[in-house]
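Inspection log for the structure reproduced underneath, given as structure tokens.
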Amino acid sequence: MQKNKIEASGGRGSNQTFKSVPVTIQVNGRKFTCDVEPWTTLLDLLREKFELTGTKKGCDHGQCGACTVLIDGKRVNSCLTLAVMKDGAEVTTIEGLEREGILHPIQKAFIDQDAFQCGYCTPGQICSAVGLLSEGHAKTDDEIREEMSGNLCRCGAYPNILAAVKQVLQEKKVSP
Amino acid sequence: MNPFQFERSSSSSEAILRMGKNSRAKFIGGGTNLIDLMKEGVESSDFLLDVNHVGMNEVLELPGGRIRIGASVTNSDAAYSGLVEERFPLLRDAILAGASPQLRNMATCGGNLLQRTRCYYFYDLATACNKRENGSGCDAIAGNNRIHALFGASDACIAVHPSDMCVALATLNAEIHVLGPNGPRVIRIADFHRLPGNDPTRDNTLSRDELIIAIELPPSPLNHHYHYAKVRDRSSYAFALISAAVGMNLEAGKIQSASIAMGGVAHKPWRDSRAEKLLIGKRPEIRVFRDFSEAFFKSARGLGHNNFKIELGKRTLVRALEEASLK
Ligand SMILES: Cc1cc2nc3c(=O)[nH]c(=O)nc-3n(C[C@H](O)[C@H](O)[C@H](O)COP(=O)(O)OP(=O)(O)OC[C@H]3O[C@@H](n4cnc5c(N)ncnc54)[C@H](O)[C@@H]3O)c2cc1C
Ligand code: SF4
Ligand code: FES
Ligand code: FES
């Protein structure tokens with residue numbers, strides 16, 4: 001029971017009239033079916049119920065990007081996403097990017113370019129960069145900066161994050 | 001967030017029926033504004049109706065060069081749709097100047113029209129705000145009013161509408177198609193948002209139980225000489241202090257027609273059709289643009305902290321007109 005208690009509803013007490021609803025979400029290729037309270041955000045569901053704590057909570061208001069995940073391939077802020085609204089969706093978090101022990105090229109580039117310091121913003125930065133690559137709108141440095149602007153880094157690792165995204169764009173150009 | 005019931009609507013008429021049955025129900029699109037405000041306790045509801053699956057998610061070409069953007073099309077999908085990029089690049093640029101890529105992937109065009117002000121006091125339950133609770137007062141008037149209105153404010157509220165998309169929609173004379181219990185109706189963008197007057201709780205002229213179905217854009221000659229200028233406190237991922245959506249039609253070196261709306265200056269995207277007339281028949285020159293911006297800002301009233309926005313606004317207008325004319 002304790003484990004099912006979602007933070008978003010914490011402290012509000014009784015809510016007998018508000019039923020939980022069954023939701024099926026595929027996370028990193030694994031199917032999860034569970035009952036969620038409608039006011040549970042996807043971020044809280046991932047962290048508190050599925051114990052996937054790689055996705056971080058920074059501001060909880062769409063202002064920092066730490067909670068970025070991919071839903072059906074698109075980057076979104078999971079803190080402003082209601083889990084019930086994503087019934088049937090496919091979610092990819094930082095935990096799901098690596099394949100059989102091989103890092104996603106963006107993960108590798110973040111290490112190569114030293115693109116993090118404390119690491120708190122990093123899962124969000126990486127998921128956002130994966131989204132950026134598949135969208136394909138950013139090519140120049142300024143375009144990459146603009147397209148990564150939804151992710152704040154309190155440590156200011158921005159130049160290295162830019163370098164990491166560029167590394168993967170270069171690699172893609174060489175071997176499409 | 002307060003607890004609530006949730007339902008996914010499968011048709012627009014069903015959504016409207018459901019809405020009529022519960023006066024505390026609310027529609028939800030991308031949730032990027034509503035969920036944020038519910039977390040703050042500024043908005044509350046006991047029943048959210050998801051209107052993302054009722055068949056309003058396409059950008060369509062209509063006869064006569066019009067296009068129709070469904071209310072649940074995301075801001076990203078609208079901006080990058082071929083029809084918008086090709087015929088209404090001003091709208092694309094305005095949408096892409098807003099929020100972040102993640103938020104634009106979630107936010108819907110219907111929700112964007114209805115996003116609420118970013119006035120700090122509106123968000124802060126410890127302060128007085130007539131928009132939250134009419135009659136409680138407005139702490140912004142004698143408080144920090146740096147981001148507040150220059151035009152059309154009232155003694156009750158001095159907030160501005162924060163949307164970038166809506167500024168371009170105003171320039172492009174968009175129509176908002178809505179469906180209510182009494183059937184469909186069309187609201188011109190100029191009549192969609194309202195001034196605060198003595199009821200700041202109402203941002204627009206939509207009824208609570210009306211659903212936005214689509215945004216329609218009439219064919220526009222403004223797809224060549226256009227510019228969206230946005231000035232903000234940081235270079236991205238911030239709301240506009242001032243913005244200008246400008247389009248003009250140039251022939252034989254003269255301005256044939258011009259359409260100009262500003263954001264960050266009023267409770268709604270602000271246009272001045274009298275000032276616009278000053279541009280007709282003139283050459284696209286700095287001097288002409290300066291005269292225009294003086295006329296546009298003639299009735300502007302600063303509140304103290306936001307006085308700088310008058311000069312900033314004039315210069316932004318001149319810059320946007322210049323960029324548009326040189327394109
Ligand atoms: C950190 C941050 C930064 C931002 N920066 C910018 C910026 O720079 N520029 C900018 O323009 N915007 C910005 N935004 C705001 C963003 O654009 C809006 O939150 C978004 O467009 C709202 O759309 P939505 O679909 O998420 O709306 P929702 O939150 O789902 O809904 C908003 C309102 O509209 C109602 N609604 C939704 N759909 C319909 C419909 N079809 N018919 C009737 N009612 C409906 C809901 O009931 C609710 O009242 C920012 C937001 C955040 C969180
Ligand atoms: S300006 Fe409007 S929104 Fe801001 S505190 Fe005053 S009444 Fe509220
Ligand atoms: S935690 Fe979601 S954007 Fe900050
Ligand atoms: S690495 Fe510390 S916040 Fe980005």
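Scope of the values below: all heavy atoms of this structure, side chains included, with no hydrogens, waters or symmetry mates. Each chain gets a letter, A, B and so on, in the order the sequences are listed, and its residues count up from 1.
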Task: chain A contact residues among residues 99-111 of chain B, heavy-atom distance under 4.5 Å - done: B:S100, B:P101, B:Q102, B:L103, B:R104, B:N105, B:M106

- [ ] Look at the rings of A:W39 and A:F18 and say which category their plane angle falls in: under 30° parallel, 30 to 60° tilted, over 60° perpendicular.
- [x] perpendicular

Task: B:L113 vs B:S163 side-chain heavy atoms within contact, under 4.5 Å - done: no

Open item on the list: Could you check whether any side-chain heavy atom of B:N223 comes within less than 4.5 Å of a side-chain heavy atom of B:F88, counting everything from C-beta outward?
Closed with: no

Open item on the list: Please determine whether a side-chain nitrogen of the Lys or Arg among B:R146 and B:D233 lies less than 4.0 Å from a carboxylate oxygen of the Asp or Glu.
Closed with: yes

- [ ] Side chain from CB out, backbone as N, CA, C, O: work out which of these in A:V84 comes under 4.5 Å of a heavy atom of chain B, or both, or neither.
- [x] both

Open item on the list: Are the side chains of B:K327 and B:H227 in contact, using a 4.5 Å heavy-atom criterion?
Closed with: yes

Open item on the list: Looking at B:R319 and B:E323, is there a salt bridge between them, counting it only when a charged N and a carboxylate O are closer than 4.0 Å?
Closed with: yes

Open item on the list: Heavy-atom pairs under 4.5 Å with chain B - which of A:E146, A:M148, A:E135 has more of them than the others?
Closed with: A:E146

TODO: Please state whether the side chain, the backbone, both or neither of B:D46 comes within less than 4.5 Å of a heavy atom of chain A.
DONE: both

Task: Which of A:I71, A:V21, A:D87 touches chain B most, by non-hydrogen pairs under 4.5 Å - done: A:D87

- [ ] Without swapping roles, check the side chain of B:Y123 against the backbone of B:T117 for a donor-acceptor pair under 3.5 Å.
- [x] no

Task: Portion of B:L34 that has a non-hydrogen atom of chain A nearer than 4.5 angstrom - done: neither

Open item on the list: In the structure I gave you, are the side-chain heavy atoms of A:V36 and A:L82 within less than 4.5 Å of one another anywhere?
Closed with: no

- [ ] Go through the atoms of B:Y80 and report whether side chain, backbone, both or neither lie under 4.5 Å from a heavy atom of chain A.
- [x] side chain

TODO: Let me know if B:D50 has heavy atoms under 4.5 Å from chain A in its side chain, its backbone, both or neither.
DONE: side chain

Task: Contact origin within A:C59 toward chain B - heavy atom pairs under 4.5 Å - done: neither

Open item on the list: With a 4.5 angstrom heavy-atom cut-off, is it the side chain or the backbone of A:L132 that approaches chain B, or both, or neither?
Closed with: neither

Open item on the list: Looking at A:H104, is its backbone amide N or carbonyl O close enough to the side chain of A:Q107 to form a donor-acceptor pair, meaning the two atoms are under 3.5 Å apart?
Closed with: yes

Task: Segment of A:C79 engaging chain B (4.5 angstrom heavy-atom cut-off) - done: both

TODO: Against chain A, work out which of B:R8, B:R234, B:H53 has the most heavy-atom pairs shorter than 4.5 Å and name it.
DONE: B:R8

- [ ] Would you mind telling me which of A:M85, A:K74, A:E147 has the largest number of heavy-atom pairs within less than 4.5 Å of chain B?
- [x] A:M85

Task: Parallel, tilted or perpendicular: rings of A:F110 and A:F116 (30°, 60°) - done: parallel

Task: B:E43 and B:K26 ion-paired at < 4.0 Å - done: yes

Open item on the list: Check this for me: does any side-chain nitrogen of one of B:K131 and B:D203 sit under 4.0 Å from a carboxylate oxygen of the other?
Closed with: yes

